[in-house]
Amino acid sequence: MRAVQGVLIIGFFAYIVAFLLLPSGEVLFGAFRGEHGLTLKYVDQLFEPRYLHAFRNSIELALATAILGGLFGTVIAYLTLSPRAPTWLRTGVTSFSGVAANFAGVPLAFAFVSTFGTMGLLTVWLRQQGFNLYDTGFSLFSLSGLVLTYLYFQIPLMVIIITPAVRGLRREWREAASNLGATPWQYWRYVGLPILLPALLASMVLLFGNAFAAYATPYALTSGNIALVPIEIGNVLSGNVMSSPQLGQALALGMIGIMAMAMLAYTLLQRHAARWQCR
Amino acid sequence: MKTSGLHIRGVNKSFADMEVLHSISLESKPGEFISLLGPSGCGKTTLLRIVAGFERPDSGSILIDDRDITLSPAEHRNMGMVFQAYSLFPHLTAAENIRFGLRLRRTPKSRQQSIVDDLLALAGLSAHRDRYPHQLSGGQQQRVALARALAIQPVLLLLDEPLSALDAKVRVQLREEIKRIQRETGITTLFVTHDQEEALSISDRVAVMHDGRLVQFDTPAKIYHRPTDSFVAGFIGTSTRLEGRVSDAHNGRVDILGISMPAAGVQGHSDRARVNVYVRPEAIELHRADTVAHGLEGRVLEHTFLGATTRVQVAVHDCVTLLADIQSATAHRFPVGSQVRAAWAPEAPRILTT
């Protein structure tokens with residue numbers, strides 16, 4: 001039994017080394033490696049307006065979809081788990097979330113173009129009703145359109161990962177709070193949300209990373225017209241505009257840096273929010 | 001602490017097609033400790049939840065000091081409740097849990113501090129004030145829950161099987177503490193339990209429930225010695241039920257398995273009436289069959305050592321098993337297989353109509 005455990009553990013670590021540590025090391029060193037040895041040239045290029053813009057867009061998109069997806073996902077998970085909710089709703093939401101959380105890329109872009117595109121079903125129908133969606137400044141092919149599209153998989157992903165935490169909220173806590181004089185709002189303010197906060201933060205970091213690294217969906221939807229870091233990496237690696245693997249590695253290093261900062265912020269917040277769990 | 005009286009008037013409650021409470025009426029005096037006792041599914045927790053405001057009755061009303069609160073939401077009732085377990089807020093320390101209701105009421109901070117200090121001392125937990133629930137034992141958690149319920153100076157204290165998740169030793173210790181604290185604070189208390197020993201040991205009065213009905217509401221002594229219902233007679237304590245027929249109501253005699261036995265309780269019944277005779281094990285005296293001529297004759301089946309006493313099972317006519325508690329020191333006089341006679345004092349048996 002121990003031998004089997006040993007083989008499995010070694011296999012796991014070998015996998016981590018081969019597919020996480022070695023590529024990360026390659027990115028790290030590649031970003032500083034020029035034709036004539038070590039250089040800061042590619043990392044310096046990250047501070048050019050074009051790439052700063054891409055980073056800003058990616059962070060805004062990831063933050064917006066993490067926050068909105070987190071809030072809507074939590075509310076949906078809570079409502080479907082409520083004792084008053086019918087069983088079919090719970091089953092339906094769980095099944096749909098499992099599918100929708102993994103529905104991204106070209107099919108998702110196509111689905112949204114068919115619905116919300118300039119000639120999409122819903123857009124045309126709304127126009128027939130006298131409401132032109134695109135007159136409001138909305139465009140499916142803008143950052144706000146990407147937010148809407150990303151929410152299609154971010155909300156279900158949040159439902160899946162927050163459900164165990166929401167299920168862990170005990171009826172006794174709600175009743176004890178109510179018994180001590182708390183209104184439903186006060187229960188959420190002082191009991192429900194503080195207890196859920198560590199799980200909420202962890203889930204939102206996951207959502208942030210999920211949106212920050214998405215490539216296929218924004219590329220298929222905007223044909224690369226909106227500057228996002230993964231699309232810029234794709235551009236410099238594929239050589240459509242120019243081929244510069246080192247710049248791609250520098251951009252990937254920048255992404256790792258942003259994710260590291262997000263993780264650091266999460267760790268600091270988590271230390272405060274979950275202090276009652278760690279002592 | 002202000003004490004209030006509780007009045008439950010004609011409460012009915014059904015879930016879907018199942019009737020769980022049937023016309024329950026019960027009145028407590030201010031400062032009284034009342035237990036709702038019954039087997040699982042008898043409706044006692046539903047009744048407590050209706051009093052707390054977590055459920056609405058289909059009909060009937062709940063009054064506190066003659067004020068109808070039937071439709072008041074739970075948060076406006078000012079009742080303290082202790083749940084079975086795991087009700088402490090896990091992200092708050094013991095002191096913060098106790099302070100919770102006071103914060104909602106915007107009690108001045110200095111007053112909050114003194115109430116929390118007093119209650120922690122009352123619960124014997126001053127040294128654990130900064131611990132989180134998962135750092136406390138089950139007994140300590142329930143003490144904090146009790147202190148939290150008392151902090152808001154409730155009109156009524158509701159205890160929903162607060163000892164059921166604890167081990168036997170802590171249970172006994174904590175139930176004595178609950179009684180002490182209740183006596184010191186004088187708060188009217190409604191305690192739900194399925195444990196008759198618990199109910200009988202700490203209550204001023206016990207409400208025995210069965211199948212959604214209140215079958216007897218009386219002092220522990222009367223519930224134990226004078227059950228008015230065959231369910232209570234069978235549920236409370238241990239009894240042997242014997243079928244009999246009144247042979248001489250005037251002189252208190254009943255025929256059991258063809259033997260005339262004393263039973264003062266048959267007075268008032270008509271002669272020849274069929275009755276159930278309930279006899280407690282401690283009320284039965286055993287004699288060796290060859291030493292006396294009166295009593296029910298039987299054969300000793302088994303001994304169970306209970307410490308100071310030994311419970312003896314006696315097969316009477318091979319159709320009824322009678323239980324008798326005798327001093328352990330005398331148990332050797334009635335070995336397994338020996339013939340014995342069981343007798344009792346006229347006042348000992350409880351007579352109920354069939």
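These figures come from a predicted structure and were not determined experimentally. A, B, ... follow the sequence lines: proteins, then strands. Residue 1 opens every chain. Quick note: numbers below take in every heavy atom, side chains included, and nothing from hydrogens, waters or symmetry partners.
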Distance-minimising heavy-atom pair for E75(B) and P184(A): OE2-CD, 4.1 Å
Other residues, nucleotides, ligands: >12 heavy atoms within 6.0 Å of F13(A) CZ: no
Residue-level interface, residues 191-214 of chain A with chain B, non-hydrogen cut-off under 4.5 Å: V191(A), P194(A), I195(A)
CZ/F72(A): more than 12 non-hydrogen atoms of other groups inside 6.0 Å: no
Distance (rounded to the nearest 0.5 Å) between Y190(A) OH and H91(B) NE2: 11.0 Å
Nearest-0.5 Å distance, CZ of residue F100(B) to CD of residue Q186(A): 7.5 Å
Nearest-0.5 Å distance, CZ of residue R171(A) to OH of residue Y86(B): 15.0 Å
Check: M79(B) main-chain N/O paired with N179(A) side-chain donor or acceptor under 3.5 Å: yes
L88(B) CG to W173(A) CH2 distance, which is reported to the nearest 0.5 Å: 10.0 Å
Neighbour count >12 (heavy atoms, 6.0 Å) for atom CZ, R67(B): no
Atom pair CG (D160(B)) and CD (E175(A)), whose distance is rounded to the nearest 0.5 Å: 9.0 Å
Leading residue by heavy atom contact count with chain A [cutoff under 4.5 Å; candidates R148(B), H76(B), Q84(B), R77(B)]: R148(B)
Option in S87(B), A145(B), P133(B), P90(B) with maximal non-hydrogen atom pairs under 4.5 Å from chain A: P90(B)
R103(B), part contacting chain A, at a heavy-atom distance under 4.5 Å: side chain
Check: R105(B) side chain, L180(A) main-chain N or O, donor-acceptor pair, under 3.5 Å: yes
